[in-house]
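Have a look at this one.
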Protein chains: 2
Amino acid sequence: MKPLTDRQQDILTFIERSLLQDGFPPTIAEIAAAFGVRSTNSIRGHLQALARKGAIELVPAASRGIRLLKATPSPEQGLPLVGRVAAGQPILAEEHIEGYCRLGPELFDHRADYLLRVQGMSMRDAGILDGDLLAVQRTPEARNGQIVVARIHDEATVKRLRLEGVKAFLEPANPDFAIIEVDLQREQLVIEGVVVGVIRSGL
Amino acid sequence: MKPLTDRQQDILTFIERSLLQDGFPPTIAEIAAAFGVRSTNSIRGHLQALARKGAIELVPAASRGIRLLKATPSPEQGLPLVGRVAAGQPILAEEHIEGYCRLGPELFDHRADYLLRVQGMSMRDAGILDGDLLAVQRTPEARNGQIVVARIHDEATVKRLRLEGVKAFLEPANPDFAIIEVDLQREQLVIEGVVVGVIRSGL
DNA sequence: CACTATACTGCTTATAAAAGCAGTAACCAT
DNA sequence: ATGGTTACTGCTTTTATAAGCAGTATAGTG
């Protein structure tokens with residue numbers, strides 16, 4: 001991150017204190033008033049600079065649309081919740097992160113690194129339903145029979161892994177879906193992580 | 001503090017989650033949109049009720065001027081995890097509490113009060129398996145079709161609730177188990193809470 | 001020198017958002 | 001019945017706020 005100017009640092013500190021005191025971020029006009037500046041435009045420039053440098057995020061057209069990125073208001077921000085995973089992009093790319101869930105990574109038997117929202121019913125019989133959140137541990141290694149997050153043909157999928165010699169099978173837990181067969185000598189199978197837990201909130 | 005209505009509780013939870021995800025509170029219009037309500041006025045009423053009951057504070061004439069007063073109930077220790085429930089004893093009796101799980105009660109669509117460990121496979125087809133943790137909201141009211149924690153003959157059980165006149169049916173989600181029929185005129189059915197989420201950690 | 005970044009003034013404009021007013025309807029308690 | 005609370009619709013008005021445009025001044029840099 002590029003270094004902040006003194007003025008930018010002061011403004012950032014003011015935003016953090018406002019957030020703690022008021023419970024919500026200040027408006028641009030409030031910042032200007034606090035610094036004795038008569039024009040909001042100056043502050044806007046500073047905010048845009050802070051956004052460029054990655055210190056904050058500005059939500060367009062939203063009042064008080066300032067989001068602190070680096071400084072976490074609560075010490076533990078929780079696990080990142082990943083939504084749709086686009087083809088050809090890493091899972092933890094920032095644009096996929098829908099939010100953060102405050103839960104301890106040690107809640108599960110194995111440490112979870114992030115949460116992934118399930119799409120579809122292909123793992124129904126394993127008790128994994130559409131819309132569930134999967135707690136995923138980020139690891140390239142998976143054992144036979146584990147439920148994994150795999151990437152095949154640039155598409156992310158959740159299946160049970162079965163390894164037999166040079167072939168890998170990605171087995172759904174639902175007879176309505178087909179087993180995906182991968183010839184490891186010709187195709188690439190990337191294991192993004194193993195599923196260590198399930199969370200369902202839509203009840 | 002006066003008890004909140006279901007609607008008020010839902011809105012409070014939504015505000016908490018917005019705050020965690022966005023970094024600032026929602027506008028009244030955003031809350032209305034999230035709940036599919038066409039008039040912002042209804043939400044204003046709810047917010048004023050929440051302010052009257054001391055759950056939030058409203059900053060007049062300020063956009064997103066919602067301040068949470070009651071910080072999340074157990075910020076440090078998390079939700080209590082209840083193990084086996086003995087006959088004739090309240091669920092949250094201290095001797096049943098196995099431990100505390102560090103997760104925010106606002107993680108689920110409705111606020112969870114405690115976690116309960118599932119015994120048996122009677123709700124298998126609802127994606128609830130043996131050993132899962134259920135997030136339970138403590139309420140004596142349940143709607144038709146909700147999965148509830150009920151107490152019948154001094155024994156706690158998790159089933160889907162179906163109400164038909166003076167009879168209540170506790171339906172398992174597994175053809176291997178029998179439906180429990182309760183005549184409300186002769187027997188007492190105590191609803192301990194409704195299931196608002198599922199957590200599975202043994203994967 | 002031209003060129004860029006920082007830091008500001010002083011307006012205007014568009015819109016986001018709170019606040020107000022007048023209703024309807026259901027439910028509950030007295 | 002009567003009043004209170006909850007829960008909503010559908011408008012209008014007012015103000016809070018972001019965003020845009022046109023400038024000024026200072027300092028550093030190749």
*asked:* With a 4.0 Å cutoff (strictly under), does any side-chain N or O of A:His46 reach OP1 or OP2 of C:dA7?
replied: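 The answer is yes; a side-chain N or O of A:His46 sits under 4.0 Å from OP1 or OP2.
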*Tell me: CG of A:Asp6 to P of C:dA7, nearest whole Å?*
8 Å
*Thinking salt bridges, do B:Arg162 and B:Glu171 make one under a 4.0 Å N-O criterion?*
yes
*Is the backbone of B:Asp176 close enough, under 3.5 Å, to the side chain of B:Asn174 for a donor and an acceptor to pair up by distance?*
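Yes; judged by distance alone, with no hydrogens or angles, the pair exists.
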*Nearest heavy-atom pair of B:Leu115 and B:Ala135: which atoms, and what distance?*
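Taking every non-hydrogen atom into account, CD2-CA, 3.7 Å.
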*Would you call A:Glu192 and A:Arg138 a salt bridge, taking side-chain N to carboxylate O under 4.0 Å as the test?*
no
*asked:* If I take atom CD in residue A:Gln48 and atom C1' in nucleotide D:dG20, what distance separates them, rounded to the nearest angstrom?
replied: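 So the two atoms are 11 Å apart, to the nearest Å.
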*asked:* Using whole Å, what does the distance between atom P of nucleotide D:dA16 and atom CZ of A:Phe24 come to?
replied: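 Rounded to whole Å, this separation is 14 Å.
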*Reading nucleotides 9-18 of chain C 5' to 3', which nucleotides get B (base under 4.0 Å from a protein heavy atom), which S (sugar-phosphate only), which -?*
BB-----SSS
_Gap between atoms CD1 and P, on A:Ile66 and D:dT17 respectively (whole Å)_ =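 Between P of D:dT17 and CD1 of A:Ile66: 11 Å.
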*What is the distance from CG of A:Leu4 to C1' of C:dA5, rounded to the nearest Å?*
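Atom CG in A:Leu4 sits about 15 Å away from atom C1' in C:dA5.
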_Length of the CG-P vector between B:Leu47 and D:dT6, whole Å_ =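 Rounded to the whole Å, the gap is 13 Å.
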*Can you give one letter per nucleotide of nucleotides 24-30 of chain D, 5' to 3': B if a protein heavy atom sits under 4.0 Å from the base, S if only from the sugar-phosphate, - if neither?*
-------
_Gap between atoms CD1 and C1', on A:Ile31 and D:dA18 respectively (whole Å)_ = 12 Å
_Any B:Lys53 side-chain nitrogen or oxygen under 4.0 Å from OP1 or OP2 of D:dT6_ = yes
